[in-house]
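Only one structure is covered here, and it is reproduced in the block below.
The structure presented is a predicted model; accordingly, all values stated were derived computationally and were not measured.
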Amino acid sequence: MDSIKNRRTIRKYKQDDVPANLLNGLLEEAFRAPTMGNMQLYSVIITRDKAMKERLAPAHFHQPMLMEAPVVLTFCADFNRFVKWCRQRKAEPGYDNLLSFMNASIDTIMLTQNFCTLAEAAGLGTCFLGTTIYNPDQIIEVLNLPELVIPLATITVGYPDEYPPQTDRLPLEGIIHEEQYHDYSPADIDRIYAYKESLPENKHFVEINHTETLAQIFTDIRYTKEGNETMSEVLKKTLRKQKFD
């Protein structure tokens, strides 16, 4: 599909609405994604209301596309619905544990990617907000998510009002392993990351951030050990609160 080969993240949107029948149709198609035991362990919260977007904005560090996109979708790992069905059918579930969370998470991420692929093929633009798992507790409160439901991914959706360049990707040899995992030598690492490090925009990042290497932007500025540990604690507490412990 050309839409997959040519996909790019869209952060600026036209104010044209995304019709409910189009959105629901794409979601229904996306539900054909693989799912653990055909349980469909996910839910999707559709946000169009400006006031609700404003309430969600702090959890996403006020990224502008959240407010500018006509539609915001929050994809949630959801065992709540399945557990209720079990109990109403005289079956006692045992899904309040880490494995069940992982199963629901995998279901949810496959659904999310399926939706993005379908939406982009239909002429819509999307942006993945990775901030969802940074502040799940805040999103749970705003969206009134019950126990056994955890937000995993937020996607902004709308008609594109920009055509940005595609971001780089690592070469095939950097990711594929034949038969078994073959660990990387220093020479492999140099070769695999050579193109990424050579890009003018990445060299510019290094310059303006006063770092020695591109990797230091990730470790020292964007995704620091301190930040990761703090947000990990929030995620652990949220999993316990939502009964996935």
Side-chain angles (χ1 to χ4, degrees), residues 1-36 40 42 44 46 60 63-66 68-75 77 105-133 152-182 184 188-206 214-215 217-218 222-223:
M1 293 173 64
D2 286 342
S3 60
I4 293 178
K5 291 188 294 183
N6 298 320
R7 80 152 303 277
R8 56 208 68 219
T9 295
I10 300 298
R11 294 180 173 86
K12 295 182 180 179
Y13 301 92
K14 297 176 181 177
Q15 288 309 297
D16 301 359
D17 192 20
V18 178
N21 62 339
L22 171 61
L23 184 65
N24 289 340
L26 291 169
L27 285 167
E28 188 170 19
E29 289 183 48
F31 295 157
R32 300 308 304 177
T35 167
M36 179 72 173
Q40 293 187 261
Y42 45 68
V44 185
I46 300 173
H60 295 290
Q63 295 179 82
M65 51 278 201
L66 185 83
E68 294 173 6
V71 177
V72 176
L73 300 179
T74 305
F75 291 81
S105 297
I106 293 167
D107 267 22
T108 305
I109 294 305
M110 287 196 287
L111 164 65
T112 304
Q113 181 57 65
N114 233 25
F115 170 80
C116 289
T117 300
L118 290 163
E120 289 156 6
L124 295 169
T126 68
C127 180
F128 165 66
L129 305 187
T131 42
T132 307
I133 59 170
L152 283 188
T154 299
I155 305 293
T156 58
V157 185
Y159 292 98
D161 198 22
E162 63 172 346
Y163 194 73
Q166 283 187 299
T167 53
D168 63 284
R169 291 293 186 266
L170 295 178
L172 199 65
E173 67 159 323
I175 297 172
I176 295 208
H177 303 256
E178 296 287 351
E179 308 301 344
Q180 291 183 319
Y181 192 101
H182 300 281
Y184 304 97
D188 291 336
I189 295 296
D190 287 342
R191 188 173 61 257
I192 291 164
Y193 284 91
Y195 177 70
K196 180 184 286 289
E197 293 174 329
S198 73
L199 292 172
E201 58 267 35
N202 287 337
K203 289 184 175 181
H204 181 61
F205 287 152
V206 172
L214 180 63
I217 291 177
F218 288 85
R222 296 186 66 186
Y223 307 106

- Does D190 offer a backbone N or O that forms a donor-acceptor pair with the side chain of E197 under 3.5 Å? no
- Message: In the structure I gave you, are the side-chain heavy atoms of P171 and I192 within less than 4.5 Å of one another anywhere?
- Response: yes
- Task: Would you give the length of the straight line joining atom SG of C127 to atom CD of E68, rounded to the nearest 0.5 angstrom?
- Result: 11.0 Å
- List in chain and number order the residues that pass side chain to side chain contact (heavy atoms under 4.5 Å, CB included) with Y195, two or more places apart in sequence or in another chain; answer none if no residue qualifies. D168, S198, L199
- Message: Are the side chains of Q113 and C116 in contact, using a 4.5 Å heavy-atom criterion?
- Response: yes
- Message: Can you tell me if Y159 has over 12 outside heavy atoms packed within less than 6.0 Å of its OH?
- Response: yes
- d(L170 CG, I175 CD1) to nearest 0.5 Å is 5.0 Å
- Task: Evaluate the side-chain proximity of T154 to T131: yes if any heavy-atom separation is below 4.5 Å, no if none is.
- Result: no
- Item | Student check: side-chain heavy atoms of L23 and V71 closer than 4.5 Å | yes
- When rounded to the nearest 0.5 Å, the distance separating CG of L118 from CG of L27 is 9.5 Å
- Query: Counting N and O atoms only, with roles assigned by atom type, does the side chain of N202 sit under 3.5 Å from a partner on the main chain of K196, one being a donor and the other an acceptor?
  - Reply: yes
- Any idea which heavy atoms bring G125 and I10 closest together, and the distance? CA-CG1, 3.8 Å
- Message: Between the side chains of R191 and E173, is the shortest nitrogen-to-carboxylate-oxygen separation below 4.0 Å, so that they form an ion pair?
- Response: yes
- Message: Does any part of the side chain of M110, heavy atoms only, come nearer than 4.5 Å to the side chain of T35, both counted from C-beta?
- Response: no
- Query: What class does the angle between the rings of Y184 and Y181 fall in, given that below 30° is parallel, 30 to 60° is tilted and above 60° is perpendicular?
  - Reply: perpendicular
- Do the non-hydrogen side-chain atoms of T126 and R7 ever get within less than 4.5 Å of each other? yes
- Establish, from distance only, whether the side-chain atoms of Y13 and Q15 form a donor-acceptor pair under 3.5 Å. no
- Sub-4.5 Å side-chain heavy-atom contact between T74 and V44: no
- Task: With side chain to side chain contact (heavy atoms under 4.5 Å, CB included) as the test, would you mind laying out the steps for L129 and L66 before giving the verdict?
- Result: CA-CA 9 Å; L129 305 187; L66 185 83; 3.9 Å; yes
- Query: If you take all heavy atoms of D107 and M36, which pair is closest and at what distance?
  - Reply: OD1-N, 2.8 Å
- Message: Strictly by salt bridge (Lys or Arg N to Asp or Glu O under 4.0 Å), give each pair with a member in residues 14-26 just once, sequence neighbours left out.
- Response: D17-R48
- Message: Determine whether a donor-acceptor pair (N or O, by modelled atom type, separation under 3.5 Å) exists between the side chain of Y163 and the backbone of P160.
- Response: no
- Is the number of heavy atoms from other residues, nucleotides or ligands within 6.0 Å of CD (E28) greater than 12? no
- Heavy-atom closest pair, residues F75 and L73: CE1-CB, 3.7 Å
- Find the distance between OG (S105) and CD1 (I133) and round it off to the nearest 0.5 Å. 9.5 Å
- Task: With the side chain counted from C-beta on, respond yes when V157 and V72 share a heavy-atom pair under 4.5 Å apart, and no when they do not.
- Result: no
- Taking R8 for its side chain and P164 for its backbone only, find out whether a donor-acceptor pair lies under 3.5 Å. yes
- Item | Chi angles and distances behind the side chain to side chain donor-acceptor pair (under 3.5 Å) call for R11, T9 | CA-CA 7 Å; R11 294 180 173 86; T9 295; 5.0 Å; no
- Query: Which distance, rounded to the nearest 0.5 Å, do you find between the OG1 of T117 and the CD1 of I4?
  - Reply: 5.0 Å
- Task: Report the distance from atom CG of L111 to atom CZ of F115, rounding to the nearest 0.5 Å.
- Result: 9.0 Å
- For residues 153-166, the salt bridge (Lys or Arg N to Asp or Glu O under 4.0 Å) pairs (sequence neighbours left out) are none
